[in-house]
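What follows is a single structure, written as structure tokens, with notes after it.
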Amino acid sequence: MEFTIIPCHETLNPFIKNYWMITAHCTARSTQQLLANGNDSLHFYLSQAVCLNDSDQRYRTVLHHQVIKSVGVISEKGPLLILGVEFQPFCSHMFFHTDFKEQPLTPEAMKDAEFILLSQSIHQAQSTEERVDLLDRFFMKRLAECPADDINIERLSNVFNEMMPESSCNARTTSHPFDFTTANLASTACLSQKQFTRIFTKYVGMNPKAYLRLLRFDRALHKLQQLASEMSLNDLAWRCGYYDSSHMSADFREICGFKPSELIKSQNGLTEAFQPVFSGRMRKKIMISNLI
């Protein structure tokens, strides 16, 4: 299996983390678990239509709004090619005008003519370069149409810069996800807790408490990959803000479907290597199975 990060146009960098592509061959019917990382994402299933989670419906293009649990992508035996767009937290609203009440969202369900045309063009394109150009053009056009005075975007940008420094070399390695609370994040946004929770949930897809929980899980997963042979699970749990290893295991089980001990024992692969310094910038991670 090959997982490739593809940069977007530099104009889009403040709003889109990157594009990415999975190229693989399924040796049997299999499920890839896309772990929650706090970002909305757009997926084009290029080689075959897939089922999501326990649904029998098949999808070719899906906009995923962030939820706490991982998304299961069920594919049949044969080639698997997925093109993804990873948005910065809270930024998908700049490109798609929807309240995300339905999950998952397709271009047709959104009745977005330009999005429908983009989906058709992406699936008909003959090369990665052509698809990247289509994505860049679509998002830059949408960006130009965005209102310049959305104060909530500025507020949330300040909040995320406080929680997660952009550069890992400037990251506050002594900070922990549990150093932050809804109250102090609301203060950064210059809002009451009630206003902040409403706006955060609308733009990000989960409330601040759930997002901080996800950030704590991401930190623990990062350290698990790095230090599995060097510390006990109880020590790992304590360092990452869990009460004990059983609470950490329950969190892992709910978010990614595996306990920490199961991840270590089975050596399940993740598609991205972690940064050497935890910056708090959660990255796309995909559990793989039955792939070559």
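Here the structure is a predicted model, which is why all the values come from computation and not from measurement. The first residue of the sequence shown is numbered 1, and numbering continues consecutively from there.
Between L52 and V73, the closest side-chain pair of non-hydrogen atoms falls below 4.5 Å. Counting heavy atoms from C-beta outward, L212 and L185 have side chains that approach closer than 4.5 Å. A 4.5 Å side-chain heavy-atom check between L83 and L135 finds at least one atom pair inside the cut-off. Residues N18 and P7 fail the side-chain proximity criterion, which asks for heavy atoms closer than 4.5 Å. No side-chain heavy atom of V50 sits less than 4.5 Å from a side-chain heavy atom of H43. With a 4.5 Å cut-off on side-chain heavy atoms, I151 and E154 count as touching. The shortest distance between side-chain heavy atoms of F217 and C256 falls below 4.5 Å. You'll find the side chain of L46 reaches within 4.5 Å of the side chain of I122, heavy atoms only.
Between F252 and K259, the shortest heavy-atom contact is CB-CA, 4.3 Å. Between K77 and C26, the shortest heavy-atom distance links the atoms CG-O, 3.4 Å. The two residues A125 and R131 have their closest heavy-atom pair at O-NH2, 2.9 Å. Across P14 and C91, no two heavy atoms sit closer than the pair O-SG, 4.1 Å. In plain terms, the two heavy atoms of Q33 and S70 that are nearest each other are OE1-OG, 2.9 Å. Between V71 and H64, the closest heavy-atom pair is CG1-CE1, 3.9 Å.
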Exercise. Does the side chain to side chain contact (heavy atoms under 4.5 Å, CB included) test come out yes or no for R213 and M206, once each step is laid out?
Worked result: CA-CA 11 Å; R213 175 190 173 196; M206 61 182 71; over 6 Å; no

Problem set entry | ring-ring contact (aromatic ring centres under 6.0 Å, His included) assessment of F139 paired with F87 | CA-CA 11 Å; F139 289 121; F87 296 98; 5.7 Å; yes

For this session: Would you check, one step at a time, whether the test side chain to side chain contact (heavy atoms under 4.5 Å, CB included) holds for D218 with L214?
Result: CA-CA 6 Å; D218 191 69; L214 190 59; 5.9 Å; no

Exercise. Stepwise, does the ring-ring contact (aromatic ring centres under 6.0 Å, His included) test hold for F44 with Y19?
Worked result: CA-CA 11 Å; F44 301 92; Y19 308 142; 9.4 Å; no

Exercise. Going through the distances and angles, do H247 and Y242 end up as a ring-ring contact (aromatic ring centres under 6.0 Å, His included)?
Worked result: CA-CA 6 Å; H247 285 81; Y242 291 98; 8.3 Å; no

For this session: Any chance you could lay out the side chain to side chain contact (heavy atoms under 4.5 Å, CB included) test for Q32 and I22, step after step, and finish with the verdict?
Result: CA-CA 11 Å; Q32 281 60 250; I22 289 178; 5.7 Å; no

For this session: With side-chain hydrogen bond (donor to acceptor under 3.5 Å, both in side chains) as the test, would you mind laying out the steps for N234 and S245 before giving the verdict?
Result: CA-CA 5 Å; N234 272 327; S245 61; 2.9 Å; yes

Exercise. Between T4 and T23, does a side chain to side chain contact (heavy atoms under 4.5 Å, CB included) hold up when you go through it step by step?
Worked result: CA-CA 8 Å; T4 306; T23 306; 5.8 Å; no

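Relative ring orientation between F196 and F200 is described as tilted, the plane-to-plane angle lying within the 30° to 60° band. Note on ring orientation: taking the six-membered ring where Trp is involved, the planes of H65 and H93 are perpendicular (angle over 60°, cut-offs 30° and 60°).
With rounding to the nearest 0.5 angstrom, the CZ atom of F115 is 4.5 Å from the CZ atom of F96. The distance from the CD1 atom of I255 to the CD1 atom of I68 is 4.5 Å, given to the nearest 0.5 Å. With values rounded to the nearest 0.5 angstrom, D133 atom CG is found 12.5 Å from T128 atom OG1. Separating the NZ atom in K141 from the SG atom in C146 is a distance of 11.0 Å, to the nearest 0.5 Å. Note that OH of Y45 and CD of Q48 are 11.0 Å apart. Values are rounded to the nearest 0.5 Å. With rounding to the nearest 0.5 angstrom, the OG1 atom of T61 is 8.0 Å from the CG atom of L118.
The environment of R137 atom CZ is sparse: at most 12 non-hydrogen atoms of other residues, nucleotides or ligands sit within 6.0 angstrom. Counting non-hydrogen atoms of other residues, nucleotides and ligands closer than 6.0 Å to CD of E145 gives a total above 12.
With hydrophobic clusters built from ILVMFWY side chains whose heavy atoms lie under 4.5 angstrom apart, L143 does not share a cluster with L117. The hydrophobic clustering, which links ILVMFWY residues whose side-chain heavy atoms are closer than 4.5 Å, places L134 and I116 apart. A continuous path of hydrophobic side-chain contacts links W20 to Y59 [ILVMFWY only; heavy atoms under 4.5 Å]. L80 and I74 are members of different hydrophobic clusters when ILVMFWY side chains are connected at heavy-atom separations under 4.5 Å.
Although no hydrogens or angles enter the test, the distance criterion places a donor-acceptor pair under 3.5 Å between the side chain of N53 and the main chain of G72. Under a 3.5 Å cut-off, the side chain of N184 and the backbone N or O of T181 do form a donor-acceptor pair. Judged by distance alone, with hydrogens and angles left aside, the side-chain atoms of S157 form no donor-acceptor pair with the main-chain N or O of I153 at under 3.5 Å. Checked by atom type and distance alone, the side chain of D40 never pairs as donor or acceptor with a backbone atom of S92 at under 3.5 Å. Side chain of E262 to main chain of F258: no donor-acceptor pair is present (N/O by atom type, distance under 3.5 Å, no hydrogens or angles). Remark: side-chain polar atoms of Q126 are paired, donor with acceptor, to backbone N or O of Q124 under 3.5 angstrom. Although no hydrogens or angles enter the test, the distance criterion places a donor-acceptor pair under 3.5 Å between the side chain of H123 and the main chain of R60.
For the residue pair R155 and N158, no side-chain donor N or O sits within less than 3.5 Å of a side-chain acceptor on the partner.
Screening Y203, F160, F90 for a ring-ring contact (aromatic ring centres under 6.0 Å, His included) with Y211, the sole residue that qualifies is F160.
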